[in-house]
Asks: 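I'd like to ask some things about the structure below.
This chain uses plain numbering: 1 for the first residue, then up along the sequence. Atoms within a ligand are numbered from 1 in the order they appear, just like the ligands themselves. Side-chain atoms are counted along with the backbone in the values below, which use heavy atoms only and exclude waters and symmetry mates.
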Amino acid sequence: MLAYRLLKGQTQPEFQEVPEPHAGPGQVVVRVAGSGLCHTDFTVIGREQSYWHNDAPPFTLGHEIAGWVEELGSGVKGFQRGDAVAVNPSWASCGRCHMCRSGEENFCLYQTAIRAPGVGYDGGHAPYVLVPAARFLVPIGDLNPVDAAPLTDAGLTTYTAIKSALPVIYPGSTTVVIGVGGLGLYAIQFLRQLTGARVVAVDSSEARLKLAREYGADNALQSGPNVADEIREITSGIGAAFVLDCVGVNETLATGVSVLSWRGRLAMVGAGGGSIPFDFFKEAPGAQLVTSLNGGGVALKEVVDMAALGRIKNLLDRYPLSSVKQAYEDFKQGHLAGRAVLIPEASAAHAA
Ligand SMILES: [Zn+2]
Ligand SMILES: [Zn+2]
């Protein structure tokens, strides 16, 4: 099969002919219905070869995967060929520690590095993917697996950051989503579904702010030097109980921390490389600053179930797998409306 692979660190990925995978004991082969593109892919491509230690390229890219069970390895129970599944990408998790047993494999205590399909393991930018253990599969029922693909990271990451912030988000409080791209649109919807709070979207693009309103934001504000004052004004000076920074650069972090209310929480999910001092005397008392990365299998089940109920809408830019280079180019240029998903040609025929 033709897979889109990073052959060596810091080189342009390419299509390469590789053998179709087969499932060993406990493993499952999934026929890929959709494989999402993520900002993380650019980070992965930009890493030096030496960064990867034992998981060095070549490997197939793509960590947002959903599809259908194609082949079950010996000993796998609970799934049948043809079942629609989403793939929890926390493949380096041990399955036995406290976090894993709590369904938070993304925070596995024994992971030594961030690894996932497409991040050290062969990922989903291919017709088939080998999933190393059946515990990484979440059944999605009637949900279209193309829709489920971006839920496994863009959806799951925002959901997890918001769910863990629920104790500080009280009804009538204000939440702020900075960056209304693929992640931000999910975040707005989860905040609307899970809280009684006002949702304020912040972005530099008028088109994205319009989308934010369509997806449920109460206020949509142009980013810039005045945005913190505008948020203060909307909240009568109280500030925001929760800020989700989907960008993660110095400017967005500074804005986010500056608008936190007492005991407010800023969760950073955008890996923009920014940082900020966090000062006992300057920040709002009780303020929390956290990072959040992806999510676990329990949360993924909740996300796909919400999507199946129609509570969460996807805005997808669909590309055939063969157009992967164009998809990444459009992503890089900021031309995507929502989340880009690659659809292997054979799977499109399979679904029809
Ligand atoms: Zn990602
Ligand atoms: Zn673990």
Asks: Could you tell me whether R81 and E70 have a side-chain N and a carboxylate O separated by less than 4.0 Å?
Replies: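 Salt bridge present between R81 and E70.
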Asks: Taking the ring of Y121 and the ring of H63, is the distance between their centroids below 6.0 Å?
Replies: no
Asks: In Å, rounded to the nearest 0.5 Å, how long is the span from CG of L183 to CD1 of I188?
Replies: 11.0 Å
Asks: Going by side-chain hydrogen bond (donor to acceptor under 3.5 Å, both in side chains), name the residues that satisfy it together with E214, two or more places apart in sequence or in a different chain.
Replies: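 With neighbours one apart ignored, the set is K210.
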Asks: I want to check something: taking the side chain as every heavy atom from C-beta on, are D41 and L6 in contact at a cut-off of under 4.5 Å?
Replies: no
Asks: Check whether the side chains of T60 and H125 place a donor and an acceptor atom closer than 3.5 Å, and report yes or no.
Replies: no
Asks: Given side chains that start at C-beta, do those of F331 and H39 come closer than 4.5 Å, heavy atoms only?
Replies: yes
Asks: From the Zn ion (ligand 1), how many protein N/O/S atoms are found at a distance short of 2.8 Å?
Replies: 3
Asks: Taking the Zn ion (ligand 2) as the centre, count the protein N/O/S atoms lying under 2.8 Å from it.
Replies: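 Every protein N, O or S atom under 2.8 Å from the Zn ion (ligand 2) counted, the figure is 4.
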Asks: Can you pull the side chain to side chain donor-acceptor pair (under 3.5 Å) pairs that have at least one residue in residues 181-191, sequence neighbours excluded?
Replies: Y186-N314
Asks: Can Y319 and Q326 be counted as having a side-chain donor-acceptor contact under 3.5 angstrom?
Replies: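 Side chains of Y319 and Q326: no pair found under 3.5 Å.
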